[in-house]
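Input: a single structure, listed below in structure tokens.
Residue numbers count from 1 along this sequence. What you see is a predicted model, and the numbers here were worked out from it, not measured in a lab.
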Amino acid sequence: MAESGDVPALVLQLQGVRKTFNADLPNAVEVLHGIDLTLHAGEFCAVVGPSGSGKSTLLNIVGLLDRPTAGTVTICGQLTQGLADRALTQLRGHRIGFVFQYHHLLSAFTALENVLMPMLADAGSVNQQMVQRATDLLDQVGLHAYLAQPATQLSGGQQQRVALARALAMQPALLLADEPTGNLDTVSADAVFALLRDISRNAGMAVLFVTHNEALASRCDRTINVVDGLIVG
């Protein structure tokens with residue numbers, strides 16, 4: 001497996017992915033109906049579709065938070081079918097970053113400590129190199145002056161920037177952004193989106209950006225339309 005930060009050309013490949021809830025029961029419901037999708041390094045793709053279309057289920061499967069009922073998921077050349085939970089956790093931790101609509105910061109910790117958390121969870125302890133990386137990431141998202149600021153004392157836009165820096169801590173090849181601007185005002189939303197775009201370009205990182213904001217979707221490289229569990233365009 002390639003190391004974190006070494007981004008292969010083909011970051012994500014889904015082939016015939018299906019997802020059925022309550023499988024083998026009378027109330028079984030198939031939510032995804034055979035999804036084929038590829039994503040290359042540096043691609044910035046919007047995922048759009050109405051509520052209940054299967055976007056969240058798709059994102060959970062791509063993020064290795066759930067397993068497909070059928071089909072295959074390949075992350076950075078690693079076929080995930082058959083991997084044990086521990087191996088999936090390791091692959092997810094090193095290859096995939098997450099930014100959600102709500103920042104999910106640890107309120108008792110500072111901005112710097114929040115960004116350090118993924119590295120601490122992976123290594124078991126913090127060294128100076130990790131501190132420097134977290135500092136650099138916060139500088140990159142414009143928060144160098146807020147390193148020691150408790151998360152609860154940051155604005156909504158600042159908190160989402162910290163969440164973005166945290167998602168980048170392990171140098172992922174793929175970033176999954178689920179409505180990351182949904183709780184922000186227009187100015188903050190535009191700033192967070194612009195940061196994502198710049199980071200994707202500079203790092204060659206692939207991004208799946210789930211949004212209901214048509215203006216932001218139109219600024220992505222590609223739009224993936226999900227309707228009734230199928231990609232329709």
Side-chain angles (χ1 to χ4, degrees), residues 7 11-12 37 39-51 53 55-56 58-59 62-63 96-107 110-112 114-115 117-118 133-227 231 233:
V7 182
V11 172
L12 169 68
L37 175 65
L39 196 62
H40 293 84
E43 274 197 285
F44 197 104
C45 295
V47 180
V48 301
S51 297
S53 61
K55 300 189 305 299
S56 295
L58 176 61
L59 213 64
V62 170
I96 304 173
F98 296 86
V99 183
F100 300 100
Q101 183 172 354
Y102 185 70
H103 49 77
H104 295 297
L105 299 181
L106 298 174
S107 59
T110 65
L112 181 65
N114 270 280
V115 178
M117 284 299 166
R133 173 155 180 78
T135 301
D136 290 345
L137 284 169
L138 286 167
D139 188 37
Q140 188 176 1
V141 300
L143 292 178
H144 184 80
Y146 298 89
L147 297 177
Q149 197 84 350
T152 52
Q153 295 180 18
L154 298 172
S155 70
Q158 290 170 335
Q159 289 174 333
Q160 198 63 305
R161 286 168 179 254
V162 174
L164 174 56
R166 180 184 58 189
L168 300 172
M170 296 297 292
Q171 298 176 271
L174 173 62
L175 183 73
L176 303 180
D178 190 2
E179 292 282 0
T181 62
N183 286 333
L184 303 179
D185 61 78
T186 302
V187 173
S188 296
D190 189 72
V192 168
F193 180 84
L195 270 172
L196 279 169
R197 287 291 282 165
D198 287 344
I199 291 167
S200 174
R201 289 192 187 102
N202 294 336
M205 180 180 64
V207 176
L208 279 180
F209 182 85
V210 177
T211 184
H212 286 99
N213 188 319
E214 293 183 5
L216 293 183
S218 69
R219 293 162 58 185
C220 297
D221 299 328
R222 176 159 57 113
T223 299
I224 299 165
N225 293 284
V226 182
V227 177
I231 291 178

Subject >> Those residues that, when tested against H104, pass ring pair (Phe, Tyr, Trp, His ring centres under 6.0 Å) (two or more places apart) >> reply: F100, Y102
For [X] and [Y], work out which heavy atoms get closest and say how close.
X: V226; Y: P50; value: O-CD, 3.6 Å
X: A217; Y: T223; value: O-OG1, 3.7 Å
X: N213; Y: A215; value: OD1-N, 3.0 Å
X: A151; Y: Q159; value: O-NE2, 2.8 Å
X: A165; Y: L137; value: O-CD1, 3.5 Å

Output a table of donor-acceptor pairs, distance under 3.5 Å, between side-chain atoms of residues 192-201 and any protein atom two or more places apart or on a different chain; print 'none' if there are none.
| from | atom 1 | to | atom 2 | distance (Å) |
| --- | --- | --- | --- | --- |
| R197 | NH1 | D221 | OD1 | 3.3 |
| R197 | NH2 | D221 | OD1 | 3.2 |
| S200 | OG | M205 | O | 2.7 |

Taking the side chain as every heavy atom from C-beta outward, state whether [X] and [Y] have any atom pair closer than 4.5 Å.
X: I96; Y: P172; answer: no
X: L147; Y: T110; answer: no
X: D178; Y: V99; answer: no

Original post:
What pairs with E43 under salt bridge (Lys or Arg N to Asp or Glu O under 4.0 Å), at least two apart in sequence or on another chain?
Top reply: R222
From [X] atom [atom1] to [Y] atom [atom2], the distance as rounded to the nearest 0.5 Å:
X: L37; Y: I231; atom1: CG; atom2: CD1; answer: 4.5 Å
X: N114; Y: L106; atom1: CG; atom2: CG; answer: 5.0 Å
X: L208; Y: F98; atom1: CG; atom2: CZ; answer: 11.0 Å

Keeping [X] on the side-chain end and [Y] on the backbone end, is there a donor-acceptor pair under 3.5 Å?
X: R133; Y: A169; answer: yes
X: N225; Y: V48; answer: no
X: K55; Y: V47; answer: no

**OP:** Check side-chain hydrogen bond (donor to acceptor under 3.5 Å, both in side chains) between S155 and all other residues, then give those that pass, not counting sequence neighbours.
**Re:** Q158
Name all residues meeting the side-chain contact (heavy atoms from CB on, under 4.5 Å) criterion together with [X]; count only those two or more places apart in sequence or in a different chain, and write none if there are none.
X: T152; value: S107, P150
X: A189; value: T181, L184
X: A163; value: H103, L105, Q160, R166

**OP:** Would you sort out whether V62 and L39 count as a side-chain contact (heavy atoms from CB on, under 4.5 Å), showing the intermediate values?
**Re:** CA-CA 11 Å; V62 170; L39 196 62; over 6 Å; no
**OP:** Only pairs at least two apart or in different chains count here, so list each ring pair (Phe, Tyr, Trp, His ring centres under 6.0 Å) that has a residue in residues 141-184.
**Re:** none
Original post:
Can you list every salt bridge (charged side-chain N to carboxylate O under 4.0 Å, His left out) pair that touches residues 179-190, not counting sequence neighbours?
Top reply: D190-R219
